[in-house]
Number of protein chains: 2
Amino acid sequence: MLTERQVLILESIIRFYTETGHPVGSKTLMNELSLPFSSATIRNEMSRLEELGFIEKTHSSSGRIPSVKGYRFYVDYLISPEQLPAQEVAKIRSAFGPRYHELDEIVSQSANILSELTNYTAILLGPKMQENKLTGFRLVPLSEHQAMAILVTDQAHVENRTFTIPPGMKLADLETIVKIFNDQLIGLPLTEVFKKINVEIPQILARHLHTDSDLFVDVFGNIITHTIRERFYVGGKMNLLNFSEFQDIEKFKSIYSLMDEGNNLRTLISRKSDGIHVKIGQELNNDLFSDFSLITATYQVVGHGEGMIALLGPTSMPYSKMLGLVDTFRNELADKVSDYYRFLEE
Amino acid sequence: MLTERQVLILESIIRFYTETGHPVGSKTLMNELSLPFSSATIRNEMSRLEELGFIEKTHSSSGRIPSVKGYRFYVDYLISPEQLPAQEVAKIRSAFGPRYHELDEIVSQSANILSELTNYTAILLGPKMQENKLTGFRLVPLSEHQAMAILVTDQAHVENRTFTIPPGMKLADLETIVKIFNDQLIGLPLTEVFKKINVEIPQILARHLHTDSDLFVDVFGNIITHTIRERFYVGGKMNLLNFSEFQDIEKFKSIYSLMDEGNNLRTLISRKSDGIHVKIGQELNNDLFSDFSLITATYQVVGHGEGMIALLGPTSMPYSKMLGLVDTFRNELADKVSDYYRFLEE
DNA sequence: TGTTAGCACTCGATGTTGTTAAGTGCTAAA
DNA sequence: TTTAGCACTTAACAACATCGAGTGCTAACA
């Protein structure tokens, strides 16, 4: 195990490196942080810390930087989330609007707020939809040739799609279709709805209708797919340029397009257990992100499932501060989402 | 006026510079492009061309590059749009989907197609909405506390917004409100609707309703604003990194956020006359874009107004080819949009 | 036995210098 | 009017020296 002095030195190295970004050597450590040992002693200890894998050199005569193992130890045993100053908390609260009409607005704005607060990249996920239950389909005729299909779930999620009505289809037909959809599907979880819509529904429709009804299966199937698919909201993509080693423009582009497409983000963020987790560098299992760390946290909305927050920054981030911030933020966000639902149920 | 030989030399300089990106000198010009004059003669002519402002040096002993005036002359008098190979045209056609349900889908996908085709950044604008006439508001109750407001225009544009119904408001009230909106507003151009909604409507509502109706004025006002606002679709933002002098990361960020916000793009693109226009470097009147050129073109959709295409690339782009491409593209896009409307009116 | 001073060594960063290639303008001859 | 020739300029590049911050190791010290 590490001696107390070794821990102190490791901590100092991480502190210094996080602040300056430069590898740090024995003399600097002694002078700048006025550790009460000689540089030679520190050198010996550093040598030991390197053997143990907590720090490493960038080249044979350079100062040391923390290794993943070093950060890991630091995060797991040496720090605790820093309390956010009241003033910062107020800033978060006032960044949210007073009132939202859709859940997605809250989540997507959260991504922006969090990224601005940290200057890193924020990735947000709303409470998951898969288990929402269908409360109804609506089909609203808009003009002679247009109609809107609307899906509503028991979690107040609304999804809609405008489409063109095939010539020859009558209003009565539309009503029949909606009735069939609703009779068969209301109350089922969306995953079930999705299955049924692709298997049973087409058969039932064929029995009751003479016109071609593929279009409707398509449209409604489409809405369901859209609803079920996890939507990642990414804020501060451009912040990547601040902390990524921006020399490598190609790497930046790869990361950017990963963020932009959104669905591939699952590879990065696994929806596992509760609480706050930190993944450092290679722990992310993705070469692109070997210089990044990711803080992930869930937020609980009682009665409405849980969502996810993630913060992507450089491995050399101020973990203590960021952990505190994410923790506070998830509570604020949970409150905001609760408010939203409460207002709906009032 | 320029002599024929001077024109030939200017043209050669532009060709060479566009291909290689390097300033070009007299000897290179003579060798590489085998002009039938000696380097000394070319030197003299270049000197003259520089005096006249068509070309310039990057430093005292460097080769020459075309100036804005040089490009201007080249674009205006020396080239004509290049015919796009049939194979490329086919590529454009197949890049579009077979069938669209919303106009915005066509336009936004166009932005992607065009940017991929050129490796530049494409900016698209759909036919303008301001003169669309309102054909109806709908208010669809979704659950006890939610409703959707829908706007439909005579150009088949649909815009919608979900909102929460204030507690205590009854279904009958909603119906009254929608009736008033429709009685007052149907058939008016959206700009008119916008004005009335902010002035007369609140008064009328107050006369007929006891509950607070600000929310509805808000919601519908909001939808109108959204509909009227020009939406710029930008494709290939990341391509900026290919041709912008990517040394300057801050500049890139500025441009990116300009593109991202969208509404500021009006400063760059003026919706003026028909046809295809080229703006080169400083002609864009924006320091950020001094190394860029912008090709703008309108596309006509008979009976449904006109839209806009713009292509942003480096000043040293192959104008002839790009002009041809933009010209072809705008025809294809116009066709696609016409198809969309035709299907609706069938 | 743990701590420290001293020293030779390493390596990236930075600066200096020289060389080369591609260009220019100018002059004088064809 | 055109061209050959020449002196001059500049960016780009490579080779080289210098410097600063670091290391490991050894020997002396408390």
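Here is the naming used below: chain letters follow the sequence lines, and residue numbers restart at 1 for every chain. Nothing here was measured: the structure is a model prediction, and the numbers come from that model. Side chains included, hydrogens not; waters and symmetry mates left out as well; all remaining heavy atoms used.
- In this structure, of D:dG24, C:dG12, D:dA11, it is D:dG24 that holds the atom nearest to the side chain of A:Glu50.
- Heavy atoms only, all atoms of each residue included: B:Val68 and B:Ile280 are closest at CG1-O, 3.8 Å.
- In this structure, B:Ile42 atom CD1 and D:dT1 atom P are separated by 18 Å, rounded to whole Å.
- Summarising the geometry, the separation between CG on B:Asn44 and P on C:dA28 is reported as 15 Å, rounded to the nearest angstrom.
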Dump the intermediate steps for ring-ring contact (aromatic ring centres under 6.0 Å, His included) on B:Phe54 and B:Tyr74, then the final yes or no.
CA-CA 10 Å; B:Phe54 289 94; B:Tyr74 177 73; over 10 Å; no
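- Residue contacts shown for A:Ser62 are limited to sugar-phosphate atoms, with no base heavy atom under 4.0 Å away.
- Side-chain nitrogen and oxygen atoms of A:Ser38 include at least one within less than 4.0 Å of the OP1 or OP2 phosphate oxygen of C:dT4.
- Remark: the backbone N or O of B:Gln282 is not paired with any side-chain donor or acceptor of B:Ser290 at under 3.5 angstrom.
- Judged by closest nucleotide on DNA chain D, B:Ser39 is the one of B:His59 and B:Ser39 placed further toward the 5' end.
- In this structure, B:Met46 atom CE and C:dA22 atom C1' are separated by 12 Å, rounded to whole Å.
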For the pair A:Glu283 and A:Arg72, evaluate side chain to side chain contact (heavy atoms under 4.5 Å, CB included) and give the outcome as yes or no after the intermediate values.
CA-CA 10 Å; A:Glu283 292 177 358; A:Arg72 186 80 269 162; 2.6 Å; yes
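- For the pair B:Ile9 CD1 and C:dT24 C1', the interatomic distance rounds to 15 Å; values are reported in whole Å.
- Going from atom CZ of B:Arg48 over to atom C1' of D:dT1 covers 15 Å, rounded to whole Å.
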Evaluate side chain to side chain contact (heavy atoms under 4.5 Å, CB included) for B:Glu56 paired with B:Arg64, printing each intermediate quantity in order.
CA-CA 5 Å; B:Glu56 52 196 32; B:Arg64 306 304 213 293; over 6 Å; no
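- Atom NZ in B:Lys27 sits about 10 Å away from atom C1' in C:dT24, given to the nearest Å.
- Going from atom CD1 of B:Ile13 over to atom C1' of C:dT24 covers 13 Å, rounded to whole Å.
- Phosphate proximity of D:dT23 to A:Ser60: absent, as no side-chain N or O sits under 4.0 Å from OP1 or OP2.
- Regarding A:Arg43, its CZ atom lies at a distance of 15 Å from the P atom of D:dA21, rounded to whole Å.
- At a cut-off of 3.5 angstrom, counting only N and O atoms as typed in the model, there is a donor on one side and an acceptor on the other between the side-chain of A:Ser61 and the base of C:dT10.
- Here A:Thr28 does not reach the OP1 or OP2 of D:dA21: none of its side-chain N or O atoms lies under 4.0 Å away.
- In this model, the phosphate group of C:dG23 is not approached by any side-chain N or O of B:Ser26 to a distance below 4.0 Å at OP1 or OP2.
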